[in-house]
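Just below is one structure, and these are the notes that go with it.
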Amino acid sequence: MNLPNKITIARIMLIPFFMFTLLAREIFGPDNAFIMDIISAMLFIIASATDGVDGYIARKNNQVTDFGKFLDPIADKLLVAAALISLVELGRIPAYMVFIILAREFIVTGLRIIAVQNGIVLAAEMTGKIKTVIQIIATVICILFASEKFNLFGISICHIAMGIATLFTIYSGYVYLRNNWKLIANAK
């Protein structure tokens with residue numbers, strides 16, 4: 001197994017530790033909640049950063065594999081889903097935002113499956129990459145700044161950040177569908 005694939009597997013293995021530090025508030029007590037949020041945010045940032053690192057190493061060293069092409073997007077979706085579901089569990093973001101974000105991921109994955117069945121590899125759209133960065137930033141904001149004292153005009157900055165991420169997720173999904181509509185229209 002090559003280094004990029006090991007990094008991808010490490011990203012998946014970080015997910016339970018990230019979730020534990022974010023959700024195990026009763027174990028550590030309220031006095032340590034912010035420290036646990038900092039640790040959670042750091043784990044999430046590290047796991048998110050590995051996505052770029054594994055891809056860069058794979059392309060640079062000509063180590064792109066079918067296993068990596070399969071596992072990398074799964075690792076990304078698992079990390080995002082784990083973070084968003086945990087934030088709903090903590091009451092920091094509404095479930096409808098998570099549903100919209102995850103629905104876009106399922107739709108794009110479905111479109112990629114149709115493309116593969118037709119012998120086409122769909123490259124990532126730039127809006128998808130920007131969407132990912134916005135989601136990462138919004139997630140970190142929701143981990144670190146969920147307190148009621150962090151608000152703008154009475155609205156939680158966590159809700160504002162995730163609202164922006166949700167809107168951009170919708171837009172990126174629209175762009176992806178628009179640019180690949182022929183695949184859907186011609187699907188058998």
Side-chain angles (χ1 to χ4, degrees), residues 8-53 71-111 124-125 127-177:
T8 301
I9 290 170
R11 178 163 67 254
I12 293 170
M13 292 173 62
L14 275 175
I15 294 170
F17 296 102
F18 157 70
M19 290 182 74
F20 176 78
T21 57
L22 188 59
L23 295 174
R25 310 184 96 50
E26 295 82 25
I27 294 171
F28 299 105
D31 294 338
N32 296 314
F34 188 66
I35 292 168
M36 297 312 296
D37 285 347
I38 291 171
I39 293 169
S40 297
M42 289 172 45
L43 288 171
F44 182 77
I45 290 167
I46 290 166
S48 298
T50 64
D51 182 33
V53 172
L71 194 60
D72 186 66
I74 290 173
D76 299 342
K77 287 166 184 45
L78 287 173
L79 178 63
V80 169
L84 296 177
I85 291 168
S86 296
L87 290 170
V88 169
E89 172 75 17
L90 292 171
R92 295 184 185 184
I93 59 174
Y96 77 87
M97 290 181 181
V98 174
F99 174 78
I100 290 169
I101 291 169
L102 294 180
R104 184 260 186 215
E105 298 304 326
F106 283 115
I107 291 166
V108 169
T109 298
L111 186 57
E125 298 277 345
T127 54
K129 293 178 180 183
I130 294 169
K131 175 248 344 159
T132 300
V133 171
I134 292 171
Q135 285 177 353
I136 290 167
I137 293 168
T139 300
V140 171
I141 288 170
C142 288
I143 292 170
L144 294 176
F145 303 108
S147 169
E148 294 170 7
K149 63 184 173 184
F150 299 109
N151 64 62
L152 187 63
F153 305 112
I155 302 171
S156 159
I157 64 165
C158 172
H159 282 197
I160 293 169
M162 199 55 72
I164 292 167
T166 303
L167 290 173
F168 202 83
T169 297
I170 293 168
Y171 175 71
S172 72
Y174 162 76
V175 168
Y176 206 86
L177 288 172

* To do: Using only heavy-atom distances, determine whether the side chains of Ser172 and Thr127 contain a donor-acceptor pair under 3.5 Å.
  =>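 Checked: Ser172/Thr127 side chains show no N/O donor-acceptor pair below 3.5 Å.
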* Asked: When you check the side-chain N and O atoms of Arg104 and Thr169, is any donor under 3.5 Å from an acceptor?
  ->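 Not at all, the side chains of Arg104 and Thr169 share no donor-acceptor pair under 3.5 Å.
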* Taking all heavy atoms of His159 and all of Ile155, pick out the closest pair and write down the distance. =>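 Distance-wise, the nearest heavy atoms are CB-CG2, 4.4 Å.
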* To do: List the atom of Ala138, the atom of Ala161, and the distance in Å for their closest heavy-atom pair.
  =>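 Of all heavy-atom pairs spanning Ala138 and Ala161, the closest is CB-O, 3.5 Å.
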Atom pair [atom1]/[atom2] of [X] and [Y] - distance to nearest 0.5 Å:
{"X": "Phe145", "Y": "Phe34", "atom1": "CZ", "atom2": "CZ", "result": "6.5 Å"}
{"X": "Glu105", "Y": "Lys77", "atom1": "CD", "atom2": "NZ", "result": "4.5 Å"}
{"X": "Ile136", "Y": "Lys131", "atom1": "CD1", "atom2": "NZ", "result": "9.0 Å"}
{"X": "Ser40", "Y": "Leu23", "atom1": "OG", "atom2": "CG", "result": "8.0 Å"}
{"X": "Ile141", "Y": "Leu87", "atom1": "CD1", "atom2": "CG", "result": "11.5 Å"}
{"X": "Leu22", "Y": "Leu90", "atom1": "CG", "atom2": "CG", "result": "5.0 Å"}

* **Partner residues of Tyr176 under the side-chain contact (heavy atoms from CB on, under 4.5 Å) criterion, sequence neighbours left out** =>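 side-chain contact (heavy atoms from CB on, under 4.5 Å) check on Tyr176 returns Val108, Leu111, Arg112, Leu122, Glu125, Asn180.
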Taking distance alone, no hydrogens or angles, what donor-acceptor pairs closer than 3.5 Å link side-chain atoms of residues 12-19 to residues at least two apart or in another chain?
none

Flag side-chain contact, heavy atom, 4.5 Å: [X] against [Y]:
{"X": "Thr139", "Y": "Ile143", "result": "yes"}
{"X": "Thr8", "Y": "Thr50", "result": "no"}
{"X": "Arg11", "Y": "Asp72", "result": "yes"}
{"X": "Thr21", "Y": "Leu43", "result": "yes"}

* To do: Please list all pairs passing the side-chain hydrogen bond (donor to acceptor under 3.5 Å, both in side chains) test where one or both residues lie in residues 80-98, with sequence neighbours left out.
  =>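 Checked against side-chain hydrogen bond (donor to acceptor under 3.5 Å, both in side chains) - neighbours excluded - the pairs reaching residues 80-98 are Asp37-Arg92.
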* Please test Met97 against Leu84 for side-chain contact (heavy atoms from CB on, under 4.5 Å), starting from the C-alpha separation and ending with a verdict. => CA-CA 9 Å; Met97 290 181 181; Leu84 296 177; over 6 Å; no
